[in-house]
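Naming convention: chains lettered A, B, ... in sequence-line order (proteins, then strands); numbering from 1 in each chain. A quick note: this is a predicted structure, and the numbers were derived from the prediction, not measured.
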Amino acid sequence: MHFLENLPLATKKFILDLVKGACGWLCTKLGIALPPWAMPLLLTLVSILVVIVAIIAVYMVMFALMSVAERKILARMQNRYGPNRAGWFGILQPVADGIKMLTKEDLVPRGADKIVHFLAPIAMVAPALMLPAIIPYGTGMVPVELSAGILYFFALGAGTELAVFMAGWSSNNKYSVMGAMRAIAQMISYELPLVMSAVIAALVAGTLSPTGIVEAQGGYSLGFIPNWFVFTPWGFVACLLFYIGALAESNRCPFDLPEGESELVAGHLTEYSGFKYAIFFMAEYVGMFAINGLLVTLFLGGYKAPCPFLEWIPSWCWFFAKLALLAFSMVWVRATLPRFRIDQMMQFAWKFMLPMSFAALIAAAVWYYAGRGPLAWGLSALIVGIPYLALGHFCFTRHHTADNRRYLYSE
Amino acid sequence: MHDLFQRLISLPWDQAPQWFFLFPALLMLLAAAAAVMLRNLIHCALCLTLSFIALGVLFIALGAEFVGFVQLLVYVGAVTMLILFAILLTPASEVAASNNPFRSFQLSKALNAVAGGAVAMLVLAGLLAAIFFSPHAQAAVNPAKAATAPAAAIGENLLNHTLLPLQGTAILLTAALIGAALLAKEDKRS
Amino acid sequence: MSFHPHNSSLNEVNGAGALDVSLGPQHPSTHGVFRMNVRMEGETITKLQPVFGYLHRNHEKIAEANSWLGSMPYTDRLDYICPITNNWAYARAVEQLAGIEVPERAEYIRVIVGELTRLQNHTAFLGFILGDMGAWGSALMYAFREREKILDLFEWLTGARMMVNYMRFGGVRCDLPVGWLEKARAYVETYPAFLDEMEQLLTGNEILLARLQGVGVLSGERAINGGLSGPVLRASGVDYDIRKVDAYGVYPRLSFRIPRGTVGDCYDRFMIRLLEARESIQILQQAFAQIPAGPTLNPAVKQRGFKPPVGEAYGRIEGPKGELGFHLISQGGDKPYRYHVRPPSLINLTLLEEMCLGTKIADVMVILGSIDIVLGEVDR
Amino acid sequence: MNLPGSGILKGMAVTAVNFIGSFLDRAHAKRLITEQYPEERPTLVETSRSFPFLVFDGDPEKGIRCTACKICEKECPPQCIFIVKDKDANGKPILRPQIFDIDISVCMGCQICVEVCPFESIRMDNIYEVSAYDRFETLVLHKEQLLKSNVYYRQIHPTEAAQTDARIEAARVKKAAAAKAAAEKAAAAKAAAAAKAAETQPEPTA
């Protein structure tokens, strides 16, 4: 098991050694004298390359698996079989989809702004692929160790909004522009509670570095309950808020308003076809994985095992297991919920989620300074519980409830 | 061939990263120029965003990660979005009035341009003076000091030394927010 | 009207700060080839003009060139979600025209298949409206899963799942197959559990409540003035059900209640369907218990070369979507002189703009869905 | 007061139950009812109908029941049947179709032709794989394609075929009885005539 735990790092080391050896052999063979700084520089470049290739490969495989798994899970939840024609249990469906997308005609509307229309998928996929860089996948397995990693994540996440806007506006289609407007409004609104709830975790951990936050969640209380933030009252609320914000940021149901197929056809994607569409699709999934990975890092203990006797399983396995669980839950939500309306979506963000994130922030502070004991638990639970009930009542149940309706019967 | 390769590899490539800053810097300047000169307002806004991004990259390249990320988050994520929103929601008749100064050269416009340039120069000079002669700025330029956990240092500074101004800013922003909400509401009622 | 966001903005069309969008005829949620010319300010609807006729198939004119019997299979294609009730309405109109008696057993069979149709229409409606709200198909799939089982029953009875062509003047085409009644009864037994499942999935859902409640409110008075009928009318609080008003067939012998709403919004229209489905189960169970033996077709009626006496009749039934009527004029020939359909879907659509004004574009889809139209019937 | 969000959780419980239930539904009766079509063939119920065919007894040429009376052609609502009467060598019409075409791209499977046919000669088939690459030629079924034996009819619709056979048999028996009666009557008349003749004849001879 120790071998498995170290497998990714050992592979990287092996590749670096290989490059080093090959280079040295080549130089002696050719009789070239390397300057002293050359080998370290080369190795740095190669290690960066290895990490980039690894991230892209892992996320592409996850994207391919997810695209078929989502359809299968959704199908089962709706009592269907889902794709089962391409390959064994439909496992080759992503390949078939990819070939289909590649061979489709790439349509650009005559009235479109061709340059922006072309640049939008690139602007979408570039930040999406850069997002996973700061997530700690296992012990010592962070592609880029940044002291302000959380900030990096949100700074890049802002880029996708721009891409959605570019796509919508450049298509010169009414549905696209409306979708783009919705996307911007939604992303700006949900960025706030998202960042606020991330700030809570960072605050309690005392660092903006993802690894630091994971390490702050190590250990067990009472010997078996892991010290993940999600198992505290404030952490639970912040985790839920972050989850909802993540749904909104990755444009997934019930926040898929920018695409909103029942009113806006396909929103900002209406005029995209072929591989450009596939790129948008891919970017959305990679972004979804990345933001789920951040959620795992912030609240679900990152790569930590859930109980002491399961620690023999490699840490990166735990990370991906938690990621898979979150991805499954997002499909589950998609199978169940209808879509918000635009004004309700905005109200939910500003009137419910933002105040709730403030309440969770205060609860976290109280928990932090009240000694993390039972008293701290009770206090922070009160501080998040009362606003939850009050806001829930004033925003939702006061206006909309199934109980206040009467139905008359006539014989 | 062998010699050429040897010479090529002996060039000071380890100094190369220092020159990388030219890419974002040039990009920033070009994008900024395009943002001023393009006819299509949306293109202008997109170019402005590009220049914001390049500026953020510059910050990061200089080792000021925190500032760089905040630059991206605030300017690309929020300010640009607001600008785009404003452009899309403004009636086109007002938008169409904006014109390319180089297409229709007139003396009055040229004078305007000169005056605008002069004001811009003055502002630039003021900024440069502030950077080079202010004692705070001199301290911050010290790379040894800047490199140590910038985020923590900024937080420390904000919440210890400049707490009062920070709170004042917060109150001001809150007031502005409430005012904006009230204005929007008034507009709806009438 | 051209639209160029590149040199204009969202607010610029006609200089009135409005945006004109043609929703449909090819649009994911217009329930077929229906088109709405919508004017919006932001996302708020300020004008809505329904345009239909894209599915016009000349139904009425074809019927005037066809024999009386020959129009029966065409009625299947009006509201293709519930063909049997279309058959029933046409058969009833002809029976009124010619004064034909229907055997008792046939009347019971008509009630059974009619109420089964109502069940599957109403549950499919729940799925459709969820689809309009953007729920990715779960409710629709559950509804269609159950509809599938009802269609299996129909296939066993009539030979076809949808295009049944089952009713005849003075009865039904064939008697129930051996074992059909038992299977149908066993199936209906399981239906309340399914409705419970649907209710648990849907009615408490906060998002659904927020999307439906207070949207597209229609007063009872306006609903009557607009000539609306069926669940849409009853959701607005009007107590009007042709099964009670006309008391046709054997409905007077069955005890059932007519639910009606109090607010008249989309949520009431949604709930009325659920409650009506529960009442349909009551009706079915009574009909299963009461159905007598006997002939299923009046032997005195000659189906081929059928020639009703000179006259005029309007026969109507309470279809799942509302009052479905056929107005027939006979000059004594083997073809109708005039054949007119009163489709509930079309008449219920007339107040669409009134319900939609001031709502958001997403609400338009929900309101359209809550009316429950089938374009085959709207355009004919 | 409902806890905000409880409705959503209830709904998610339903989808979870269906998710698990679809794996447990091995009999494909309750939840997972989709038929995996090319591998699993649907078991058609006896009454199932698709397009009409022509029934013959024994030999397709001689045993064809159709008499080309054209009632179905006249009654067919979408008018998809086309019939031409056969003629013998002298150009005299005979009760047999020379051409009998059904355009199944037009046919709507209403089975009104079956109901109006007085000779029990047209019946509904239950084939369902009739797709073709050509919509004008291949989908017009000619007499040779439409002719199917009564044995086949008994296979696909046993109950209905038995009733039809019984009716035909009854008609045949009735006809035979009528013929017999007629023959007897004729014989009786002949005998009577003979008797009368015999009665009247002896007189001159007597």
Participant: Please say whether more than 12 non-hydrogen atoms of neighbouring residues, nucleotides or ligands are located less than 6.0 Å from CD1 in I115(A).
Facilitator: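 No.
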
Participant: Could you look at A180(A) and say if it's the side chain, the backbone, both or neither that has a heavy atom under 4.5 Å from chain B?
Facilitator: neither

Participant: So do the side chains of V76(B) and E161(A) get within less than 4.5 Å of each other, counting heavy atoms only?
Facilitator: no

Participant: Starting at CE of M166(A), measure out to CG of L84(B) and round the result to the nearest 0.5 Å.
Facilitator: 10.0 Å

Participant: Could you tell me which portion of I188(A) (side chain, backbone, both or neither) has an atom closer than 4.5 angstrom to a non-hydrogen atom of chain B?
Facilitator: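 Just the side chain, heavy atoms under 4.5 Å.
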
Participant: To the nearest 0.5 Å, what is the distance between CD (E191(A)) and CG (L73(B))?
Facilitator: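 It comes to 6.0 Å.
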
Participant: Pair M81(B), L162(A) - check side-chain contact (heavy atoms from CB on, under 4.5 Å), show working.
Facilitator: CA-CA 7 Å; M81(B) 290 300 137; L162(A) 198 70; 3.5 Å; yes

Participant: Checking V195(A) against chain B: side chain, backbone, both or neither under 4.5 Å from a heavy atom?
Facilitator: neither

Participant: Would you give the length of the straight line joining atom CZ of F69(B) to atom CG of L146(A), rounded to the nearest 0.5 angstrom?
Facilitator: 5.0 Å

Participant: Among F154(A), F165(A), F153(A), who wins on heavy-atom pairs under 4.5 Å with chain B?
Facilitator: F165(A)

Participant: Could you tell me which portion of M187(A) (side chain, backbone, both or neither) has an atom closer than 4.5 angstrom to a non-hydrogen atom of chain B?
Facilitator: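 Answer is neither: M187(A) stays 4.5 Å or more from chain B.
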
